[in-house]
Amino acid sequence: MPIRETVLLVDDEPQVVTLVREMLIREGYSVMDASAGSEALDLVKTRDTRIDLLLTDIVMPDLNGRDLADQIKRLRPGLKVLYMSGFMKETILKYYGISITGIPFLQKPFTRETLSRKVREVLDMPSAAKAT
């Protein structure tokens with residue numbers, strides 16, 4: 001299976017990174033991963049690798065997923081973003097003050113099929129219509 005696109009995967013839980021990385025690789029994606037927002041930002045700043053999608057956890061200790069996406073998009077305009085979390089949308093807003101209304105979101109836990117479908121959906125979104 002030829003590699004389609006490159007996904008930058010960011011999650012502070014190593015088990016999640018390992019599992020999701022394997023799922024994405026099995027679907028034919030090239031995967032770069034980071035265990036923290038700051039690490040992901042450093043990867044983007046120091047590597048000239050094409051990144052088609054940022055798949056990031058929203059709630060992380062050093063830099064939340066929304067802020068991470070905003071910073072990376074300044075460096076890589078047009079980058080598509082898919083957020084994920086084990087918390088419900090309402091909890092994320094209430095306890096963390098992060099609104100994810102109207103943006104691509106994947107609720108953990110998810111199956112490989114659900115991940116694959118959502119990643120493809122976000123990658124196929126027209127650039128002008130994508131959410132941040």
Side-chain angles (χ1 to χ4, degrees):
M1 173 184 307
I3 292 176
R4 293 185 272 187
E5 293 97 351
T6 299
V7 176
L8 173 54
L9 168 63
V10 187
D11 197 298
D12 59 312
E13 295 183 38
Q15 308 90 328
V16 172
V17 171
T18 300
L19 181 63
V20 175
R21 179 190 326 110
E22 287 303 313
M23 288 178 174
L24 290 167
I25 289 170
R26 287 182 183 181
E27 292 298 319
Y29 296 100
S30 173
V31 180
M32 297 170 49
D33 60 71
S35 59
S38 56
E39 181 185 347
L41 201 51
D42 287 344
L43 276 173
V44 172
K45 288 178 179 177
T46 59
R47 293 193 185 170
D48 197 26
T49 307
R50 185 187 90 219
I51 301 169
D52 300 290
L53 176 73
L54 170 62
L55 173 57
T56 183
D57 192 9
I58 293 175
V59 178
M60 295 186 288
D62 72 330
L63 184 63
N64 74 57
R66 283 302 296 257
D67 291 342
L68 172 63
D70 289 344
Q71 289 186 42
I72 290 179
K73 288 179 92 178
R74 283 189 211 112
L75 301 168
R76 305 275 178 108
L79 178 69
K80 296 182 180 183
V81 181
L82 174 57
Y83 298 96
M84 60 182 170
S85 182
F87 294 105
M88 300 298 289
K89 289 181 177 187
E90 298 77 20
T91 303
I92 295 168
L93 179 61
K94 182 176 181 179
Y95 294 102
Y96 298 96
I98 304 167
S99 174
I100 55 170
T101 303
I103 62 172
F105 177 74
L106 191 56
Q107 182 70 54
K108 294 179 195 173
F110 45 79
T111 64
R112 184 172 132 193
E113 292 76 23
T114 302
L115 173 66
S116 178
R117 185 173 46 252
K118 194 67 175 183
V119 165
R120 190 76 259 146
E121 176 186 308
V122 174
L123 284 168
D124 289 345
M125 291 172 74
S127 293
K130 73 179 181 322
T132 56

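Starting from 1, each residue takes its place in the sequence as its number.
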Testing V10, D57, D11 one by one against V17 for a side chain to side chain contact (heavy atoms under 4.5 Å, CB included), which residue passes? D11
Among V31, V7, V20, which one satisfies side chain to side chain contact (heavy atoms under 4.5 Å, CB included) with I25? V31
No-hydrogen, no-angle side-chain donor-acceptor test under 3.5 Å, D62 and S38: yes
For E39 and S35, which I'm curious about, is there any donor-acceptor pair between the side chains at under 3.5 Å? yes
Search all heavy atoms of L41 against all heavy atoms of L68 and return the closest pair with its distance. N-CD1, 4.2 Å
Write down the atom of V44, the atom of R76, and the distance for their closest heavy-atom approach. O-NH2, 3.3 Å
Is the shortest side-chain heavy-atom distance between V119 and L53 below 4.5 Å? yes
Does K80 pair with D124 as a salt bridge, N-O distance under 4.0 Å? no
Between the CG atom in L75 and the CG atom in D70, the distance rounded to the nearest 0.5 Å is 11.5 Å
Side-chain contact, heavy-atom cut-off 4.5 Å: I100 with F87? no
What are the two closest heavy atoms between M23 and F110, and how far apart are they? CE-O, 3.9 Å
Is the closest side-chain heavy-atom distance between K118 and M84 below 4.5 Å? no
Would you call E5 and R120 a salt bridge, taking side-chain N to carboxylate O under 4.0 Å as the test? yes
Is there side-chain contact between Q71 and L63, with heavy atoms separated by less than 4.5 Å? yes
Going from CG on L43 to OG1 on T49, what distance comes out if it is rounded to the nearest 0.5 angstrom? 8.5 Å
Rounded to the nearest 0.5 Å, what separates atom CZ in R112 from atom CZ in R117? 13.0 Å
Rounded at 0.5 Å granularity, tell me how far CD1 in I72 sits from OG1 in T56. 7.5 Å
